[in-house]
Amino acid sequence: MSGKLVGYRMSPTVQEVLFTIELAKAPITLENVDWEDAAKRKELVKKTPTGTFPYLEVEQGVISESKAIEEYVAETYSPALLGANAFEKAQVKQWLNFATSEIYGCSKNLIYPLFGWGKYDKETAAKSNKSLMEHMKVLDAHLNGKKYL
């Protein structure tokens with residue numbers, strides 16, 4: 001069983017999914033969406049139930065939203081990534097939520113302007129950087145001495 005991930009290679013959410021695909025050793029390829037080709041994007045996005053990128057095409061159908069795709073990939077190709085029991089599974093979700101809400105929430109204010117996806121604001125960037133550093137300290141403390149989250 002294989003699949004095709006459809007999305008813009010440089011998107012942070014696509015990068016997350018690609019990392020999960022690599023960890024799970026899943027036979028999934030990327031169809032890179034040329035973000036400058038609006039007509040192609042419009043055509044491709046019709047295939048996804050949420051109208052968003054990235055999405056995953058598999059034999060059973062289409063899955064959209066990066067976290068749902070990541071969970072599907074892990075469950076299908078390497079269930080151990082999700083934890084061995086209910087407590088470990090909750091911990092995995094805890095850190096995924098932390099990464100999504102806290103780390104990604106701050107980092108997008110720093111990264112998006114680099115790609116031209118938003119305006120750079122020095123004050124917003126400084127606040128985001130400060131918050132990001134605090135969140136990274138929490139993550140570093142948790143990861144100390146560990147190979148994986």
Side-chain angles (χ1 to χ4, degrees), residues 3-58 62-78 80-83 87-149:
K4 178 173 65 172
L5 179 67
V6 180
Y8 176 54
R9 176 180 296 283
M10 298 308 293
S11 161
T13 54
V14 169
Q15 288 294 311
E16 288 176 24
V17 175
L18 288 172
F19 183 66
T20 303
I21 289 168
E22 182 181 323
L23 279 175
K25 296 179 178 34
I28 297 170
T29 58
L30 173 66
E31 179 178 336
N32 186 43
V33 175
D34 179 358
W35 217 247
E36 301 301 316
D37 188 345
K40 182 72 171 175
R41 263 194 355 254
K42 189 174 181 179
E43 173 191 326
L44 287 171
V45 83
K46 290 178 185 176
K47 294 183 178 182
T48 174
T50 59
T52 59
F53 293 105
Y55 63 86
L56 179 65
E57 292 181 7
V58 292
V62 175
I63 303 167
S64 61
E65 300 303 315
S66 60
K67 296 301 178 227
I69 296 167
E70 290 170 37
E71 191 168 332
Y72 169 82
V73 168
E75 182 70 36
T76 303
Y77 298 100
S78 188
L81 291 174
L82 297 174
F87 183 75
E88 288 180 5
K89 288 177 183 185
Q91 286 183 312
V92 168
K93 287 185 180 190
Q94 166 190 291
W95 289 108
L96 287 173
N97 287 336
F98 179 78
T100 301
S101 299
E102 308 303 334
I103 294 174
Y104 182 69
C106 295
S107 63
K108 70 180 182 180
N109 292 327
L110 301 170
I111 295 170
Y112 281 16
L114 296 174
F115 288 103
W117 298 338
K119 272 194 134 163
Y120 175 78
D121 178 76
K122 188 176 181 177
E123 185 177 323
T124 300
K127 287 179 183 177
S128 294
N129 190 55
K130 182 178 180 189
S131 293
L132 181 60
M133 292 301 107
E134 292 301 315
H135 296 313
M136 294 307 285
K137 286 178 188 175
V138 170
L139 187 57
D140 280 346
H142 175 71
L143 290 174
N144 189 22
K146 295 180 178 123
K147 185 174 179 178
Y148 299 104
L149 280 176

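For this chain, numbers begin at 1 and follow the sequence in order.
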*Verdict with reasoning, T76 to V58, per side chain to side chain contact (heavy atoms under 4.5 Å, CB included)*: CA-CA 11 Å; T76 303; V58 292; over 6 Å; no
What heavy-atom pair brings [X] and [Y] nearest, and what distance separates the two atoms?
{"X": "Y55", "Y": "K47", "value": "OH-CD, 3.5 Å"}
{"X": "E57", "Y": "V6", "value": "OE2-CG2, 4.3 Å"}
{"X": "E71", "Y": "L82", "value": "O-CD1, 4.0 Å"}
{"X": "G83", "Y": "K89", "value": "O-CE, 3.5 Å"}
{"X": "A125", "Y": "Y120", "value": "CB-CE1, 3.6 Å"}
{"X": "E36", "Y": "R41", "value": "N-NH1, 4.4 Å"}

Does a side-chain heavy-atom distance below 4.5 Å link [X] with [Y]?
{"X": "E65", "Y": "T52", "value": "yes"}
{"X": "E102", "Y": "V138", "value": "no"}
{"X": "V14", "Y": "V33", "value": "no"}

_Within the 3.5 Å criterion, strictly below it, is a donor on T50 or S64 matched to an acceptor on the partner's side chain?_
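Yes.
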_Neighbour count >12 (heavy atoms, 6.0 Å) for atom CD, E22_ =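 At most 12 heavy atoms, drawn from other residues, nucleotides or ligands, come within 6.0 Å of this atom.
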Measuring from atom [atom1] of [X] to atom [atom2] of [Y], what distance do you get when rounded to the nearest 0.5 angstrom?
{"X": "I28", "Y": "I69", "atom1": "CD1", "atom2": "CD1", "result": "9.0 Å"}
{"X": "F87", "Y": "Q94", "atom1": "CZ", "atom2": "CD", "result": "7.5 Å"}
{"X": "C106", "Y": "M133", "atom1": "SG", "atom2": "CE", "result": "9.0 Å"}
{"X": "L5", "Y": "F53", "atom1": "CG", "atom2": "CZ", "result": "10.5 Å"}
{"X": "L139", "Y": "I103", "atom1": "CG", "atom2": "CD1", "result": "4.5 Å"}
{"X": "W95", "Y": "T100", "atom1": "CH2", "atom2": "OG1", "result": "13.0 Å"}

*Would you please classify the geometry between the Y112 ring and the W117 ring as parallel, tilted or perpendicular, with 30° and 60° separating the classes?*
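W117 vs Y112 ring planes: perpendicular.
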*asked:* For the backbone of T124 and the side chain of N109, can you confirm whether one donor and one acceptor N or O come within less than 3.5 Å of each other?
replied: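 Not at all, since once roles are kept as given, no pair shorter than 3.5 Å links the two residues.
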_Let's go through M136 and L132 carefully: what are the C-alpha distance in whole Å and the side-chain angles of both, what is the deciding distance for side chain to side chain contact (heavy atoms under 4.5 Å, CB included) to 0.1 Å, and is it a yes or a no?_
CA-CA 6 Å; M136 294 307 285; L132 181 60; 4.1 Å; yes
_Between the side chains of E123 and K127, is the shortest nitrogen-to-carboxylate-oxygen separation below 4.0 Å, so that they form an ion pair?_
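Yes, K127 and E123 are salt-bridged.
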